[in-house]
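Below: the structure, in structure tokens.
Quick caveat: nothing in here was measured; it's all calculated off a predicted structure.
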Amino acid sequence: MIHTNRSTTGQQLYKRVTKLMGNRFEFSVVCEDETGAEEHIQAAISEVDRIEKLLTTFSKDSQTSEINRQAGVQPVKVDKEVFDLINRSLKISSLTQGAFDITYGGIDKSLWNFDINMKTLPDPLLAKEAVRLINYRNVILDANTSTVFLKEAGMRIGFGGIGKGYAADRAKMILQTRGVKSGIVNAAGDLITWGTQPGGKPWTIAIADPDHSRTPFSTLNISNVAIATSGNYEKYAIIDGRKYSHTIDPATGFPVSGIKSVSIICPSAELADAMATPVMVMGVKVGLDLINQMQQIACIIIDEHHRVFCSNNINIKK
């Protein structure tokens, strides 16, 4: 446990970093003592662990794996929590005209493996076959029986585009229920804040420069909002001198190009997480048009020529 500045009220910031859902999670809470902070953070970690067990595709026992196993065969009864998350995911798919789609699970590492070993582009015919099964409209929900059915055999869902944000929101809720009045949950760059720093100042959040991921491009003073960034600087492959980002266009099976990073700011980490990727897929103009039509959401886009574009409701200081 790390603790930093103490305020005049005796409140202090305590942090803990751990690996959850295959990613780096950092929990920061403002508390009076380390023992209390440790207990609060452990409760938040337990909540993320619980969510991971429901959503993971790496365990045969998860509800997500069972949905995928029964694709084209029969509906699967799931917890209301999983049902509701899938329902919200499908609404975002509809809003983004399929640029966000949890049925992308069919595009696996056999097609794209974003590491130094990938030297050639995948076969376009294989890519076309993989995206044939991506279609959020083929996820059939029945609220009466709380069941999920994937219409086509071979379809797969995955929560890589929304799960971390949902877990961050849930962890925040657990911490607030336990009386933590200020803190940050950072789920591998999808983060949510509430309250203030010890001493009363708002939290200062840095947005990474796409070309120098450890260097801030801009800083934002925020409180009680979430921010998520999707960029081509974390996972990518370089083939014939060209950089291919890990963000796949569900329509083509190939990585998107033109945008280096998208940052979404809104009240919910789940929504911020889910909207960052489709804006990359949609492109600057269409993505900004969509964000500008939505309430309580802002967007910062950096394109491949280092140009910065913002939604109407945001001003940034470089």
Side-chain angles (χ1 to χ4, degrees), residues 1-3 11-67 76-89 92 102 146 148 157-196 203 205 222-229 264 266-276:
M1 183 73 74
I2 305 165
H3 43 88
Q11 297 280 307
Q12 197 160 330
L13 182 64
Y14 295 90
K15 297 181 182 181
R16 183 167 164 195
V17 176
T18 188
K19 191 170 183 181
L20 296 161
M21 302 178 83
N23 288 279
R24 182 187 189 273
F25 272 65
E26 182 175 25
F27 299 87
S28 305
V29 296
V30 177
C31 286
E32 290 185 358
D33 64 274
E34 185 169 349
T35 304
E38 187 68 59
E39 289 173 357
H40 293 320
I41 289 174
Q42 191 52 55
I45 288 171
S46 297
E47 175 67 0
V48 177
D49 270 334
R50 182 189 70 78
I51 290 164
E52 181 174 13
K53 287 182 175 69
L54 287 176
L55 303 185
T56 183
T57 54
F58 294 103
S59 163
K60 297 195 303 265
D61 303 328
S62 76
Q63 294 187 15
T64 309
S65 291
E66 183 61 16
I67 291 168
V76 174
K77 187 171 176 58
V78 297
D79 292 357
K80 184 177 187 300
E81 178 178 15
V82 176
F83 184 93
D84 289 346
L85 181 60
I86 293 172
N87 195 25
R88 293 195 299 274
S89 297
I92 293 170
I102 58 169
S146 191
V148 182
I157 61 168
F159 295 95
I162 197 169
K164 293 197 311 296
Y166 174 63
D169 283 342
R170 285 292 313 171
K172 172 202 165 187
M173 202 180 99
I174 292 292
L175 290 166
Q176 285 186 314
T177 303
R178 294 176 60 91
V180 177
K181 300 227 170 5
S182 299
I184 302 176
V185 178
N186 185 346
D190 300 339
L191 59 86
I192 186 148
T193 66
W194 70 103
T196 59
W203 301 106
I205 304 300
I222 62 173
S223 189
N224 303 312
V225 295
I227 182 166
T229 299
I264 301 286
C266 65
S268 146
E270 177 188 310
L271 182 60
D273 187 10
M275 289 302 296

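Rounded to the nearest 0.5 Å, atoms CE (Met275) and CD1 (Ile162) are 10.5 Å apart. Atoms CG and CD, from Asp33 and Gln11 in turn, are 9.5 Å apart once rounded to the nearest 0.5 Å. For the atom pair CG (Asp273) and CD1 (Ile192), the distance works out to 11.5 Å, reported to the nearest 0.5 Å. Interatomic distance, Leu85 CG to Leu55 CG, rounded to the nearest 0.5 Å: 6.0 Å. For the atom pair CG of Asp49 and CZ of Phe25, the computed distance is 9.5 Å after rounding to the nearest 0.5 Å. Note: Ile102 CD1 to Phe159 CZ = 5.0 Å, rounded to the nearest 0.5 Å.
Under the side-chain hydrogen bond (donor to acceptor under 3.5 Å, both in side chains) criterion, Ser268 pairs with Asp169, not counting sequence neighbours. By the side-chain hydrogen bond (donor to acceptor under 3.5 Å, both in side chains) test, Arg178 pairs with His40, sequence neighbours left out. With sequence neighbours left out, Asn224 forms a side-chain hydrogen bond (donor to acceptor under 3.5 Å, both in side chains) with no residue at all.
Looking at Glu270 and Arg88, a side-chain N of the basic residue comes within less than 4.0 Å of a carboxylate O on the acidic one, giving a salt bridge. Taking 4.0 Å as the cut-off between side-chain N and carboxylate O, Glu26 and Arg24 count as a salt-bridged pair.
Ser182 contributes no side-chain N or O that, together with a main-chain N or O of Gly195, makes up a donor-acceptor pair within less than 3.5 Å. The closest donor-acceptor contact from the side chain of Asp84 to the backbone of Val82 lies at 3.5 Å or more, if one exists at all. Between the side chain of Ser223 and the backbone N or O of Trp194, no donor-acceptor pair lies under 3.5 Å. In this structure, Asp79 contributes its side chain and Glu81 its backbone to no donor-acceptor pair below 3.5 Å. Thr193 places a side-chain N or O within 3.5 Å of a backbone atom of Val225 that can act as its donor or acceptor partner. A donor-acceptor distance shorter than 3.5 angstrom exists from the side chain of Ser46 to the backbone of Gln42, with no hydrogens or angles considered.
Counting heavy atoms from C-beta on, the side chains of Leu175 and Met173 never come closer than 4.5 Å. Gln63 has its side chain out of reach of Lys53: every pair of non-hydrogen atoms, C-beta onward, lies at least 4.5 Å apart. The shortest distance between side-chain heavy atoms of Val30 and Gln12 does not fall below 4.5 Å. Using a 4.5 Å cut-off on side-chain heavy atoms (C-beta onward), Ile205 and Ile184 make contact. Looking only at side-chain heavy atoms (C-beta outward), Val48 and Tyr166 stay at 4.5 Å or farther from each other.
Shown here for Thr196 and Trp203, the closest heavy-atom pair between the two residues is O-CZ2, 3.5 Å. Of all the heavy atoms in Met21 and Ala167, the pair that sits closest is SD-CB, 3.6 Å. Considering every non-hydrogen atom in both Val29 and Ala37, the closest pair reads CG2-CB, 3.8 Å. The minimum heavy-atom distance between Asp190 and Ala228, with the atom names listed, is OD1-CB, 3.3 Å.
Inspection of the Tyr14 and Glu32 side chains reveals no N or O donor paired with an N or O acceptor under 3.5 Å. Ser62 and Ser65 share a side-chain donor-acceptor pair at under 3.5 Å.
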Legend entry - side-chain contact (heavy atoms from CB on, under 4.5 Å) evaluation trace for Asn23 with Lys19: CA-CA 5 Å; Asn23 288 279; Lys19 191 170 183 181; over 6 Å; no
Inset, instruction - Could you walk me through whether Ile86 and Ile157 pass the side-chain contact (heavy atoms from CB on, under 4.5 Å) test, one step at a time? - result: CA-CA 9 Å; Ile86 293 172; Ile157 61 168; 4.0 Å; yes
Legend entry - Trace of the side-chain contact (heavy atoms from CB on, under 4.5 Å) decision for Ile45 with Thr18: CA-CA 9 Å; Ile45 288 171; Thr18 188; 4.0 Å; yes
